[in-house]
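To start, the structure itself, in structure tokens.
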Amino acid sequence: MQSIFRAVDRLSLLAAYLAQAILVLLVLAMMYEVLARYLFNAPTIWAFDVSYMLTGVMFILGTSWTTKEDGHVRIDFLVQRLPARLSALLNGLIYFLLLTPLLAALSWSAWRKALRAIATGEVESVSVWAPPMWPFFLALAIGLTLLALQVAVEGLRSLHNAKSD
Amino acid sequence: MKALIPALMFPALFLLIFAGIPVSFSLMLVSVAAGWFIFGDVLFQQLFGAVHSVASNFILASIPLFVLMGSILERSGVASRLFQAMQIWLGRLPGGLALATIAMGAIFAAASGIVGAVEIVIGLMAIPTMRAFKYNNALISGTICAGGSLGTIIPPTVIAVVYAALAQLSIGELFAAVILPGAIMVLLFGAYVVLRCVIWPEDGPPISSELDKPLGEKLWITFTALFPAMILITAVLGSMLSGIASPTEAAAVGVTGALLLALCYREMSWKVLRECLSSTINISAMILLIVVGGTMFTGIFAAGKGSQLILSLVESIGGGNFEIIAFFLFIVFILGFILDWISIILICVPIFTPVIRAAGIDPIWFAAMVLVTIQTSYLTPPMAPSIFYLRSIAPKDITYKEMYWGVIPFIALQFVTLFIVALVPATATWLPKLLVGF
Amino acid sequence: LEMKFMGEKIVSSLKKAFIAAAICLLPISGQAAEVTWRVPTSVPEGSPFYVNFLQRFAKNVDVMTEGRVAIEPYGAGVIVPALQVYDAVVDGTVEAGHSSPTYLLNKDPINGIFAGFPGGMGPEAFISWIYEGGGEKRLKELREGEGFHSMIVGIGSTEILAHSNVPIRSKDDLKGLKYRTSGPWAEVMRDYFEAVPTVVPAGETYTLLQRKGVDAVEWAPPSANLSEGFHQVAKYIVVPGVHQPSFLWEVVTTKETWDKLPDDLKAKLEAAAKLTTYEGLTNFYAADIKAMAEYRSGANEIITLSPEFVTELADAGRKWAQKKADEQKASGKPTMSEILADYLAFRDAWNKERSYLITE
Ligand code: NA
Ligand code: NA
């Protein structure tokens with residue numbers, strides 16, 4: 001069990017590194033666009049699409065590691081007054097029994113969307129550049145799936161803490 | 001029973017959030033529970049639409065970049081040099097650093113319309129410095145949240161743009177309408193900071209004597225710290241103000257500039273850069289996932305006929321214009337506890353606009369009051385986006401309690417602003433009439 | 001005291017309101033219509049396209065079906081992302097969607113003919129082609145091939161060519177012009193006139209025009225541009241809108257959803273759609289005239305392009321359409337060039353004989 005948990009952690013960390021690389025790419029792409037537009041009066045046709053796609057992919061890929069680090073803001077001053085075991089139990093049950101299936105179902109929809117984008121060759125609907133959409137949707141699907149896995153792992157860890165504390 | 005689903009979504013949400021479940025996950029859980037009755041087995045496809053919306057929103061793309069810029073300025077020590085230099089000149093003023101922070105918030109807000117970005121940038125830069133000078137934690141928190149919230153009200157603001165589109169108002173007139181209320185607010189904030197630090201000097205201690213250096217040294221420190229940072233800020237603000245760059249592009253310019261600055265000061269290393277990238281990803285993931293949850297919540301609330309619920313509440317209240325306005329603002333305020341501004345605008349404006357017009361209330365004046373109210377609810381605990389943002393960048397030893405106590409005086413000042421605008425409609429309607437345009 | 005009084009008043013009003021809401025909402029959920037469609041659109045609630053097309057359609061459907069069909073309109077981004085309306089219908093997330101073929105242009109350029117393209121027919125000729133020249137039938141066939149049933153809900157008037165910070169009178173003025181536009185016109189501007197089409201996020205258009213980050217923007221017809229306030233920040237208003245002489249919106253459902261309807265309701269929905277389209281267009285005309293008069297009376301300068309320049313621009317637009325049709329044909333899809341030939345033949349016939357028609 002522990003080794004599966006650690007494998008999920010590592011996948012999330014990998015996704016976070018990928019997200020960091022994407023962040024660097026985003027800066028470079030935007031700088032290129034500003035220079036191209038104002039030095040050469042030749043804006044690219046791709047900067048707009050690239051920037052929103054990179055941002056979207058970056059944040060979704062970052063969500064699972066943020067979950068691992070417990071970085072999603074919670075208001076815990078009330079829960080802190082409960083016995084630690086009880087609050088761990090509450091958190092674990094909600095994460096594992098409610099949130100995990102929710103995110104799994106959401107990932108399922110994301111995969112369907114990605115597969116359909118591949119099958120139909122869907123392209124961006126308003127851009128002159130008209131890039132294919134499947135890499136974007138595929139990345140969203142992967143990110144959401146990782147988030148579902150990490151939430152399941154954190155839920156089980158919480159439940160484990162509730163038992164052993 | 002189905003008709004009451006949208007009303008039940010709110011208590012359910014409060015319950016989950018106070019059970020300590022992350023805000024973003026709580027919004028999703030409630031959306032799924034309520035949405036099941038409305039969308040059945042296509043629910044998750046509908047909800048994925050929210051992920052898609054947020055992931056493909058160009059305007060939101062500037063948030064991670066501004067976070068990264070702030071983070072580089074903070075960790076490379078550029079920000080603390082900057083504030084030290086400011087301290088030299090503002091040091092004799094009680095609460096000088098807090099004043100500088102609010103001024104920075106106002107200036108940044110005048111350049112961009114991205115709400116959270118303003119708070120995070122000034123927060124990352126100002127918190128370490130104010131702490132180094134032993135400012136009171138509550139004052140720090142209040143200053144950052146309130147200074148950051150100015151992005152909502154000082155034009156240009158994306159909120160006003162979306163509002164104008166939904167209510168069919170002129171964007172320019174709405175921008176002009178919130179200038180004076182925004183200015184009133186900045187003045188009140190500044191007056192409060194000075195007053196507080198005059199009465200309790202230990203909250204924002206004045207300069208220590210060791211910084212009382214000879215003029216030549218002061219100028220040198222200013223030149224090496226203030227000047228380069230000002231160039232950077234001017235480049236970012238200037239490229240937005242002159243229309244050279246969109247906020248997203250300007251943010252990228254800011255990142256590059258911050259990086260160059262840190263390299264010049266020889267304070268950038270791989271390790272620092274990696275830390276900056278990593279914390280940026282965490283903060284962005286946290287913020288944008290809340291926006292995803294809020295978008296889901298809004299969609300389900302709307303599809304569950306939440307608008308009709310609000311409308312029938314309005315009709316049953318009846319009464320004159322005063323009651324209508326008070327009630328509408330009250331609803332905005334309540335929704336602001338949980339939802340991000342775009343959700344509030346999407347839900348409320350289409351409901352309010354026809355009623356306001358039919359009652360003969362000046363729509364621009366009303367819009368200005370709604371924008372002030374949204375800003376207030378952005379600050380109001382326990383559910384305050386401003387505090388979520390602050391939590392993500394603040395040191396762990398600043399407690400929620402300190403944050404809450406810190407924002408309360410500023411909330412009171414925003415209510416004062418609201419009353420001023422309500423009692424003197426000219427504060428909102430005078431400038432738009434003067435507006436000549438080009 | 002005043003505050004306390006106000007507080008009590010609000011609390012007691014709220015109590016009353018909740019009871020009233022509970023009472024008046026329960027029957028609503030009881031007496032539902034026979035058929036209820038959630039219909040999201042691609043523009044925000046309050047936009048003239050929403051009010052004039054979708055909301056009007058909902059009202060007309062309610063009247064014509066005597067309440068048996070309920071259309072619930074939703075603004076962009078509320079329950080479905082603005083540009084995902086067609087996909088949401090396919091997915092079954094909503095029963096129907098309101099959008100424009102413009103958003104399907106990248107998927108299949110054939111949609112350009114129905115969306116309205118640079119150098120295409122103006123609204124009078126276009127609506128005549130749609131309903132009397134076989135255009136509607138062509139669109140329905142196209143959508144049927146994609147698994148949809150389509151009803152045209154909204155044909156629009158001519159757009160404003162540009163709100164501009166610099167005067168535009170001739171080809172030279174377009175050279176290097178930073179111009180917010182999209183779709184076919186962006187390609188025509190770039191490829192034939194050396195302009196610099198620029199992508200601007202919707203919420204930033206006003207701010208960028210004001211700050212001169214772009215020289216010019218095109219957006220919508222005169223009446224719809226009024227509330228955008230472009231005329232308050234840019235001096236010049238350039239007409240006629242040869243880039244978008246007219247445009248079209250449709251309501252689509254899946255074929256299964258449509259086939260499930262009783263025949264009498266189908267006929268009534270079609271009639272409501274057609275009525276909406278005619279009412280919507282005349283409503284646009286009247287509102288546009290008023291808006292143009294308002295622009296003219298203000299500080300703006302309205303530039304009406306010379307007929308020669310308009311012809312030059314329109315020819316380039318039609319060249320774009322013909323090029324796309326030829327490309328399609330070469331890749332084994334002849335439909336676009338067939339429909340375009342149809343369309344252009346109608347346009348020629350109309351132009352040849354339109355001198356009999358009084359348009360003033
Ligand atoms: Na602003
Ligand atoms: Na709040």
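Residue numbering restarts at 1 for every chain, and letters A, B, ... go by the order of the sequence lines.
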[X] versus chain A, heavy atoms under 4.5 Å apart: side chain, backbone, both or neither?
{"X": "Val253(B)", "answer": "both"}
{"X": "Ile283(B)", "answer": "neither"}
{"X": "Met296(B)", "answer": "side chain"}
{"X": "Leu16(B)", "answer": "side chain"}
{"X": "Val23(B)", "answer": "both"}

Side chain, backbone, both or neither: which part of [X] has a heavy atom under 4.5 Å from chain B?
{"X": "Val34(A)", "value": "side chain"}
{"X": "Leu144(A)", "value": "side chain"}
{"X": "Leu147(A)", "value": "side chain"}
{"X": "Leu103(A)", "value": "side chain"}
{"X": "Ile94(A)", "value": "side chain"}
{"X": "Leu140(A)", "value": "side chain"}
{"X": "Ile60(A)", "value": "side chain"}
{"X": "Val151(A)", "value": "side chain"}

*asked:* If you define the side chain from C-beta out and look only at heavy atoms, does anything of Phe59(A) sit under 4.5 Å from Val54(B)?
replied: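 Of all side-chain heavy-atom pairs linking Val54(B) with Phe59(A), at least one is under 4.5 Å.
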*Once you round to the nearest 0.5 Å, how far does CG of Leu102(A) lie from CG of Leu29(B)?*
5.5 Å
Please tabulate the donor-acceptor pairs under 3.5 angstrom that span chain B and chain A, backbone and side chains included.
from, atom 1, to, atom 2, distance (Å)
Gly20(B), O, Arg74(A), NH1, 2.7
Val23(B), N, Val73(A), O, 3.0
Phe44(B), O, Ser109(A), OG, 3.3
Gln45(B), N, Ser109(A), OG, 3.4
Ile244(B), O, Tyr38(A), OH, 3.2
Glu249(B), OE1, Arg37(A), NH2, 2.5
Glu249(B), OE2, Arg37(A), NH2, 2.5
Asn282(B), OD1, Thr66(A), OG1, 3.1
Tyr400(B), OH, Arg74(A), O, 2.6

Quick one: closest heavy-atom pair of [X] and [Y], and the distance?
{"X": "Gly62(A)", "Y": "Ile281(B)", "value": "CA-CG2, 3.7 Å"}
{"X": "Ala110(A)", "Y": "Phe48(B)", "value": "CB-CE1, 3.4 Å"}
{"X": "Met286(B)", "Y": "Gly71(A)", "value": "CG-O, 3.2 Å"}

*Among Val255(B), Leu277(B), Val67(B), side chain to side chain contact (heavy atoms under 4.5 Å, CB included) partner for Leu23(A)*: Leu277(B)
_Below 4.5 Å, heavy-atom pairs only: which of Leu28(A), Val79(A), Val73(A) has the largest tally toward chain B?_
Val73(A)
